[in-house]
Amino acid sequence: MKSQTIEQMLSDWMRDAFLKAFPDMAGQGLTVSVVPTGSEEHGDYQCNQAMALGKALRKAPRQIAEAAIKAAAPHAAVAGAEPAGPGFINIRLRTEWLASVAAAIDSDARCGVPASGDGRSVVLDYSSPNVAKPMHIGHIRSTVIGNALDRLHRFLGYRVMSDNHLGDWGTQFGIMIMGYRNFADAEALKAEPVEELERVYVRSYERSQQDPDWLTQARQELVKLQAGDPENRRLWEEFVRLSMVEFGHIYDRLDVRFDLVRGESYYNDRLAGVVETLKAKGIARESEGAIVAFLEEEKLPPCIVQKSDGAFNYATTDLATVASRVAEFKPDKIVYVTDERQQLHFRQVFALCRRLGVTTDLEHVWFGLMRLPEGTFSTRQGNVIKLEKYLDEAEARALAVVKECSPDMAPERQKDVARAVGIGAVKYADLSQNPQSLVVFTWEKALAMDGNSAPYLQYAYARIASVLDKYAEQAPGKRLADFPIALGEPIERTLAVKLARFPEAVTRATETYKPSALADYLYDLAQTYSSFYQNVPFLKAPEGVRESRVRLCGVVAQVLRQGLKLLGIETPERV
RNA sequence: GCGCCUGUAGCCUAAUGGACAAGGCAUCUGACUUCGGAUCAGAAGAUUGCAGGUUCGAGUCCUGCCAGGCGCGCCA
């Protein structure tokens, strides 16, 4: 199979046809795009270029379409092209060609996906929780979406450096240290370290709001920490260590790994240099005691890079981080996955980077905040759902369903399956919708096990695995790959068209930073498969037809497994 | 006040400027002596927030308004 998506292949083909029919268009930068049709009655792919060219060519679009079709060279993949409506060109693929594509996917570990990343490198910055606070469900979107983008980029052949940019530095540590010294409970610290750190922080924070002396002391502790005071430094290291242990448990459960874990503190000794450079280049100057970069040209509000008390802030850290990454990894792009509140911040940082001469492509992939039906999360209202609890609940609900549906399965196995299904459901709930939409959290939605959900996809996969096993029992010694795939039934052809679109789905999901595009595709594929499964006999079909259909099942399984893997979702052989 | 984002059946969500707006949940009707019913087949449910505009063609682009969310020099 050619390392090119069908869209690209047909677009090139139609472009040649248009240029042959209308040679005057050459050199005018004519771009012709072919897209999947919305409905099968319009063929498999369609080209809408004729209508767009109507004015330029001063001809009826319908005539243009007819001329382009007439000029089109024969193509091995194309059964025919027809004009339709005002000037659509509907393209039908050859069924035999589709069968050969399905067979090619069957023998290709990449399922036909081109390695379009081509060795380009990307730094992916995601998850990035704050130290000394438990991860809650607000953190899951960055983690899950970022990890899917990580997997997608790697699969497409990018060199990925994933970095967990921990919030391990900042003014909160003065308050933390005061809280730890005065309120920490040794036993609680042993049992649930991060919970205790948070409790201590909240208590100290409340005190600081009422007691100016407390606040002053906290500020002094912060200054000592930043000056390298050994005792405060030791405490801070302990906070980071305890937090990392707990984050590690969550990342293990979510099967998330980072190449780098460099918190904000890693860049501390570069901050002064960043501000010096900004000043030297005339990008930032003193204003009301602070050092401020004015971004009027970019029509952005001013950005403070050094506070009037001499301390640096978030923007400074991010500038130092970019400089460090550019120098060390020379990436083609750096991608940040954070919530929507940081849009302005990153636009300011990116603008400053450009002024500093950074040419690396900088992308901010933002997603909508997660909220509860009754409003935003807040520690004060005590309605924060801890990530740990969320995952526990997901696994518990999945276990109940597994026990009901597969009572004969060994209990250990049931637990394994419940883990895969529960975590899968949680991830899919976040990955299956446009990241930028605002999410209102409900247990019902987050842990859906039917309809458009991970368990639906996992169920479809497990049924295929079961079919393949049954076939092996029924026809021992036969090699499926020795039999050709024939697409006799319309539903089989439909299935093959969808299988052939897997590379398009993966490519689009990656390029648009929307894993939801892949999730949509997989659900659509699984729906088509389920219909096929329910309505067409295969193990009972005559030999030859049986092999073709079972083989087709196998291709679907392979695409489902690979696709879900790219979303970070497991596919157990049995559920 | 300024800026960014979001408004699609009762609910949740799809839809590269293209054909009749596509699914799921819930509701209703069917399908297990037959390959796993976490399924399938079907029904019903929509002036795509409102009003203009651009275009051969607008849920999608532009302008104004309404509603909600988020942000806007010393938090990160």
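Here is how names work: the chains are called A, B, and so on, in the same order as the sequence lines, proteins then strands, and each is numbered from 1.
- No hydrogens or angles considered: nothing links the side chains of A/W236 and A/S265 as a donor-acceptor pair under 3.5 Å.
- Under 3.5 Å, the side chain of A/S530 and the base of B/C40 form no donor-acceptor pair of N or O atoms.
- By the 5.5 Å and 30° criteria, A/F88 is stacked with the base of B/A19.
- A/N313 comes within contact range of the sugar-phosphate backbone alone, with a heavy-atom separation under 4.0 Å but no base atom that close.
- No side-chain donor from either of A/N535 and A/E489 sits under 3.5 Å from a side-chain acceptor of the other.
- Cation-pi geometry between A/R463 and A/Y533 is met: under 6.0 angstrom from the ring centre, within 45 degrees of the axis.
- Side chain A/Q46 to base B/A19: a donor-acceptor pair is found below 3.5 Å.
- The CG-C1' distance, from A/L457 to B/U39, rounds to 13 Å in whole Å.
- Using a 4.0 Å heavy-atom criterion, one finds that A/A84 contacts the bases of the nucleic acid, with or without backbone contacts as well.
- The shortest distance between side-chain heavy atoms of A/I304 and A/I291 does not fall below 4.5 Å.
- The base of B/U13 does not come close enough to the side chain of A/Q433 for any donor and acceptor atom to sit less than 3.5 Å apart.
- Straight-line distance from the OH atom of A/Y456 to the P atom of B/C40: 4 Å, rounded to whole Å.
- Residue-level contact check: A/N48 touches the bases, meaning some heavy atom is under 4.0 Å from a base atom.
- Atoms OH (A/Y314) and P (B/C74) sit 16 Å apart, rounded to a whole Å.
- Among the heavy atoms of the strands, none lies under 4.0 Å from A/Q306.
- Residue A/A462 is in base contact, counting any heavy-atom pair closer than 4.0 Å across all strands shown.
- The shortest distance between the side-chain N/O atoms of A/S531 and the OP1/OP2 oxygens of B/A41 is below 4.0 Å.
- Rounded to an integer number of Å, the gap from CG of A/L438 to C1' of B/A67 is 14 Å.
- Distance OH (A/Y461) to C1' (B/G36): 15 Å, rounded to an integer number of Å.
- A heavy-atom distance below 4.0 Å to RNA chain B is reached by these residues of residues 282-300 of chain A, ordered by number: A/E288, A/A290, A/V292.
- Nucleic acid contact for A/S308: base, since at least one base atom lies under 4.0 Å from a heavy atom of the residue.
- Residue contacts shown for A/D524 are absent, as no nucleic acid heavy atom lies under 4.0 Å away.
- Across all strands, A/R574 comes closer than 4.0 Å to base atoms (heavy-atom distances).
- Relative to the ring axis of A/F312, A/K307 does not place its NZ or CZ within 45° and under 6.0 Å from the centre.
- A donor atom on one side chain and an acceptor atom on the other are not found under 3.5 Å apart for A/S453 and A/D450.
- A/E473 comes within contact range of no nucleotide atom at all, as no heavy-atom separation falls under 4.0 Å.
- Among the heavy atoms of the strands, none lies under 4.0 Å from A/D318.
- For A/R62 and A/F88, the positive end is not near the middle of the six-membered ring at less than 6.0 Å and at most 45° from its axis.
- In this structure B/G73 sits in the syn conformation; its chi angle is within 90° of 0.
- Contact annotation: side chain of A/Q348 to base of B/C72, donor-acceptor pair absent below 3.5 Å.
- Within the 4.0 Å cut-off from OP1 or OP2 of B/G37, at least one side-chain nitrogen or oxygen of A/R463 is found.
- A/A460 comes within 4.0 angstrom of no nucleic acid atom, judged by non-hydrogen atoms across all strands.
- Ring stacking is absent between A/Y533 and B/C35, as the pair misses the limits of under 5.5 Å between centres and under 30 degrees between planes.
- Looking at heavy-atom distances under 4.0 Å, A/P36 makes contact with a base.
- Ion pair A/R347/A/E298 not flagged as a salt bridge, since none of the NZ, NE, NH1 or NH2 atoms sits closer than 4.0 Å to an Asp/Glu carboxylate oxygen.
- Within the nucleic acid shown, A/D309 has no heavy atom closer than 4.0 Å to any nucleic acid atom.
- Applying the 4.0 Å criterion to OP1 and OP2 of B/C75, one finds that A/K307 has a side-chain N or O inside that range.
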Pairs: protein N or O with nucleotides 22-25 of chain B N or O, under 3.5 Å:
from, atom 1, to, atom 2, distance (Å)
B/G23, O3', A/Q527, OE1, 3.3
B/G24, O2', A/N452, N, 3.4

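- Base engagement by A/V536 is indicated by at least one non-hydrogen atom pair under 4.0 Å involving a base atom.
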